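Please read the structure below before turning to the comments.
Keep in mind the model is a prediction, meaning the values are calculated, not measured.
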Amino acid sequence: MKCLITGANGQLGKALKQRFSAFHDVTACSKGDLDVTNESMVQKVMNELKPDVVIHAGAYTKVDLAEEERTQAFQVNAVGTFHMAKACEEIGATMIYISSDYVFDGLKQAPYTEEDQVNPVSMYGVSKWLGEEFVEMVLENYYIIRTSWLYGHGGLHFVEKMLKCAFASKGVNVVSDQVGSPTYVEDLVDVMERLLDSKPYGKYHVQNSGSCTWFEFAKEIYQQVGCDPLLVKPTSTRKFEAKAPRPAFSRLSLHKLETIGIKKPRHWKEGLTLYLQREGLL
């Protein structure tokens, strides 16, 4: 299988390249190799490579900055995704589009299903939702994967930030009124491999099992590496004063995965342990 991966320099792109290269003919493109906002470049690269599968992991992910850089966020996440979907349709490629829990408003008090009404509350969330809409509008052979709180090897993310604070014995204030689930990137890639193994096209929710607040996640990071979890103090979203609003509850239902024979990913605490082990910290 010939596979093209966008966002090659991101934590997900790196994990995808490493995993898929073992069994498939993989081309991993960074922004310099493939600027998705440039339609002619997209068409040229896609026509030259003619991949069977495109995993569109490249994205604008600066959630707070997107409130100011709206044009850039929409150009990458919405228009760029449209360019990729259109090119996939022209050559008959299957597309995997990575979306986000931020397409929901967080007002529901039970895990969101794939059929629940979207209502993004941030510009980033709106841009990812529009990407979904373009994929569905253009393609029949697609997987839209919504995930959340992603962390992996070789990336700058919440876990790495907390580890730096933990090893410096530094106290941190972390929001305790946003509930979701961390997702270890390797567990996300596991599910993507399974989906490509002749599973039905459509939307899927993928995150590690269980749920927590960012505060509870931070405490677990400190505790697992042997640092004092009491250094982590709770705070509110209001006091944190982030520019972009976040969904207060973004736990995603994993039921649809189970109905097609895919075991739901391990518990988020187990995912964190495996990440820390592979980083040589346990």
Open item on the list: Looking only at side-chain N and O atoms, does Glu67 offer a donor or acceptor that is under 3.5 Å from a partner on Ser122?
Closed with: no
Open item on the list: Under a 4.0 Å threshold between the charged nitrogen and the carboxylate oxygen, would Lys203 count as salt-bridged to Glu115?
Closed with: no
Task: Arg246 side-chain N/O to Ala244 backbone N/O, donor-acceptor pair under 3.5 Å - done: yes
Task: Other residues, nucleotides, ligands: >12 heavy atoms within 6.0 Å of His24 NE2 - done: yes
Open item on the list: For the NZ atom on Lys14, are there more than 12 heavy atoms of other groups (residues, nucleotides or ligands in this structure) within a distance under 6.0 Å?
Closed with: yes
- [ ] State whether Glu39 and Lys86 are salt-bridged, where the test is any N-O pair (Lys NZ or Arg NE/NH1/NH2 against Asp/Glu carboxylate O) under 4.0 Å.
- [x] yes
Open item on the list: Test your reading of the model: is there a side-chain donor-acceptor pair from Glu216 to the backbone of Thr213, 3.5 Å cut-off?
Closed with: yes
Task: Separation between CD of Gln224 and CG of Leu163, rounded to the nearest 0.5 Å - done: 10.0 Å
Task: Test item: side-chain donor near acceptor, Asp101 and Ser250, under 3.5 Å - done: yes
Task: Spatial distance of atom CG (Asn77) from atom CG (Leu130) [nearest 0.5 Å] - done: 9.5 Å
TODO: For the pair Tyr275 and His157, name the ring-plane relationship: parallel under 30°, tilted 30 to 60°, perpendicular over 60°.
DONE: perpendicular
Open item on the list: Is the shortest side-chain heavy-atom distance between Cys212 and Val179 below 4.5 Å?
Closed with: no
Task: Aromatic ring proximity, centroids under 6.0 angstrom, Tyr143 and His56 - done: no
Task: pair Val191-Pro265: side-chain heavy atoms closer than 4.5 Å - done: yes
TODO: Kindly say whether the aromatic ring centers of Tyr151 and Tyr184 come within a distance under 6.0 Å.
DONE: yes
Open item on the list: Do Leu231 and Trp214 sit in one hydrophobic cluster, given that two such residues count as connected whenever their side-chain heavy atoms are within less than 4.5 Å of each other, even indirectly?
Closed with: yes
Task: Under 3.5 Å side-chain donor-acceptor pair for Thr237 and Gln178 - done: yes
Task: Common cluster, Ile262/Ile145, ILVMFWY with side-chain heavy-atom separation under 4.5 Å - done: yes
- [ ] Please indicate whether Phe240 has more than 12 foreign heavy atoms, meaning atoms of other residues, nucleotides or ligands, lying under 6.0 Å from its CZ.
- [x] no
Task: Residue pair His255, Glu114: steps toward the side-chain contact (heavy atoms from CB on, under 4.5 Å) verdict - done: CA-CA 10 Å; His255 178 68; Glu114 289 82 354; over 6 Å; no
Open item on the list: For residues Tyr222 and Leu272: do they belong to one hydrophobic cluster (side chain heavy atoms under 4.5 Å, members Ile, Leu, Val, Met, Phe, Trp, Tyr)?
Closed with: yes
Open item on the list: For a 4.5 angstrom cut-off between non-hydrogen side-chain atoms, does Ile144 reach Tyr204?
Closed with: no
- [ ] Hey, could you give me the CG/CD1 distance between Asp33 and Ile5, rounded to the nearest 0.5 Å?
- [x] 12.5 Å
Task: Side-chain touch Gln223/Val232, heavy atoms, less than 4.5 angstrom - done: no
Open item on the list: Assess, by modelled atom type and distance only, whether the side chains of Gln75 and Thr37 contain a donor and an acceptor separated by less than 3.5 Å.
Closed with: no
TODO: Assess Lys164 against Phe167: is NZ or CZ under 6.0 Å from the centre of the six-membered ring, and within 45 degrees of the ring's axis?
DONE: no
Task: Heavy-atom pair of closest approach, residues Ala85 and Leu139 - done: O-CD2, 3.6 Å
Task: CD (Glu136) with more than 12 external heavy atoms under 6.0 Å - done: yes
Task: Contact check, side chains of Pro51 and Met46, non-hydrogen atoms, under 4.5 Å - done: yes
TODO: Keeping to residues at least two apart or across chains, list the salt bridge (charged side-chain N to carboxylate O under 4.0 Å, His left out) pairs with something in residues 228-239.
DONE: none
Open item on the list: Would a single hydrophobic cluster contain both Val26 and Val189, if residues Ile, Leu, Val, Met, Phe, Trp and Tyr are joined by side-chain heavy-atom contacts under 4.5 Å?
Closed with: yes
Task: Working for side-chain contact (heavy atoms from CB on, under 4.5 Å), residues Ile55 and Tyr97 - done: CA-CA 6 Å; Ile55 305 177; Tyr97 171 61; over 6 Å; no
TODO: For the residue pair Phe104 and Tyr112, categorise the inter-ring angle as parallel (less than 30°), tilted (30 to 60°) or perpendicular (more than 60°).
DONE: parallel
Open item on the list: Nearest 0.5 angstrom please: Asp52 CG to Ile91 CD1, how far?
Closed with: 8.0 Å
TODO: Could you walk me through whether Leu274 and Glu186 pass the side-chain contact (heavy atoms from CB on, under 4.5 Å) test, one step at a time?
DONE: CA-CA 10 Å; Leu274 183 56; Glu186 298 295 339; 5.8 Å; no
Open item on the list: Using modelled atom types and a 3.5 Å cut-off, is there a donor and acceptor pairing between side-chain atoms of Asn38 and backbone atoms of Asp35?
Closed with: no
Task: Exceeds 12 heavy-atom contacts within 6.0 angstrom, atom NZ of Lys264 - done: no
TODO: Decide if the gap between the ring center of Tyr102 and the ring center of Tyr124 is smaller than 6.0 angstrom.
DONE: yes
Open item on the list: Closer than 3.5 angstrom, by distance alone: can the side chain of Ser176 be matched with the main-chain N or O of Phe215 as a donor-acceptor pair?
Closed with: no
Task: Flag side-chain contact, heavy atom, 4.5 Å: His83 against Gln43 - done: no
Open item on the list: Counting only heavy atoms from other residues, nucleotides and ligands, does the tally under 6.0 Å from NZ of Lys199 exceed 12?
Closed with: yes
TODO: Return yes if a side-chain donor-acceptor contact under 3.5 Å exists between His153 and Gln11, otherwise no.
DONE: no
TODO: For Glu132 and Ser99, test the side chains for any donor-to-acceptor distance below 3.5 angstrom and give the result as yes or no.
DONE: yes
TODO: State plainly whether the residues Glu258 and Lys263 are in salt-bridge range, i.e. N to O under 4.0 Å.
DONE: no
Open item on the list: If only side-chain N and O atoms count, and only distance matters, is there a donor-acceptor pair under 3.5 Å linking Thr94 with Asn141?
Closed with: no
Task: Test log, rule side-chain contact (heavy atoms from CB on, under 4.5 Å), inputs Arg251 and Gln207 - done: CA-CA 8 Å; Arg251 187 175 176 187; Gln207 60 182 189; 3.7 Å; yes
Open item on the list: For a 4.5 angstrom cut-off between non-hydrogen side-chain atoms, does Thr235 reach Val174?
Closed with: no
- [ ] Give the C-alpha distance, both sets of side-chain angles, the deciding distance and a yes or no for salt bridge (Lys or Arg N to Asp or Glu O under 4.0 Å) between Glu69 and Lys62.
- [x] CA-CA 9 Å; Glu69 296 183 349; Lys62 301 170 186 175; 5.2 Å; no
Open item on the list: Checking side-chain polar atoms at under 3.5 Å, does Ser181 have a donor or acceptor matched by the opposite partner on Asn208?
Closed with: no
TODO: Check whether more than 12 heavy atoms from other residues, nucleotides or ligands sit under 6.0 Å from atom NZ of Lys2, and answer yes or no.
DONE: yes
Task: Matching residue for Phe134 among Trp129, Phe74, Phe82 - test: ring pair (Phe, Tyr, Trp, His ring centres under 6.0 Å) - done: Phe82
Task: Interatomic distance, Thr6 atom OG1 to Leu4 atom CG [nearest 0.5 angstrom] - done: 7.0 Å
TODO: Say whether, by atom type as modelled, one donor and one acceptor occur between the side chain of Arg146 and the main chain of Val103 under 3.5 angstrom.
DONE: no
TODO: For Arg194 and Gly261, indicate whether the former's side chain and the latter's backbone hold a donor-acceptor pair under 3.5 Å.
DONE: yes
Task: From OG (Ser211) to CG (Leu252), nearest 0.5 Å - done: 11.0 Å
Open item on the list: Test of understanding: clusters of I, L, V, M, F, W, Y form through side-chain heavy atoms closer than 4.5 Å, transitively. Do Leu107 and Val121 belong to the same one?
Closed with: no
Open item on the list: Whether the side chain of Asp64 engages the backbone of Lys243 through a donor-acceptor N/O pair (distance < 3.5 Å, no angle test) should be reported.
Closed with: yes
TODO: For this output row, return yes or no: ring centroids of Trp149 and Phe158 closer than 6.0 angstrom.
DONE: no
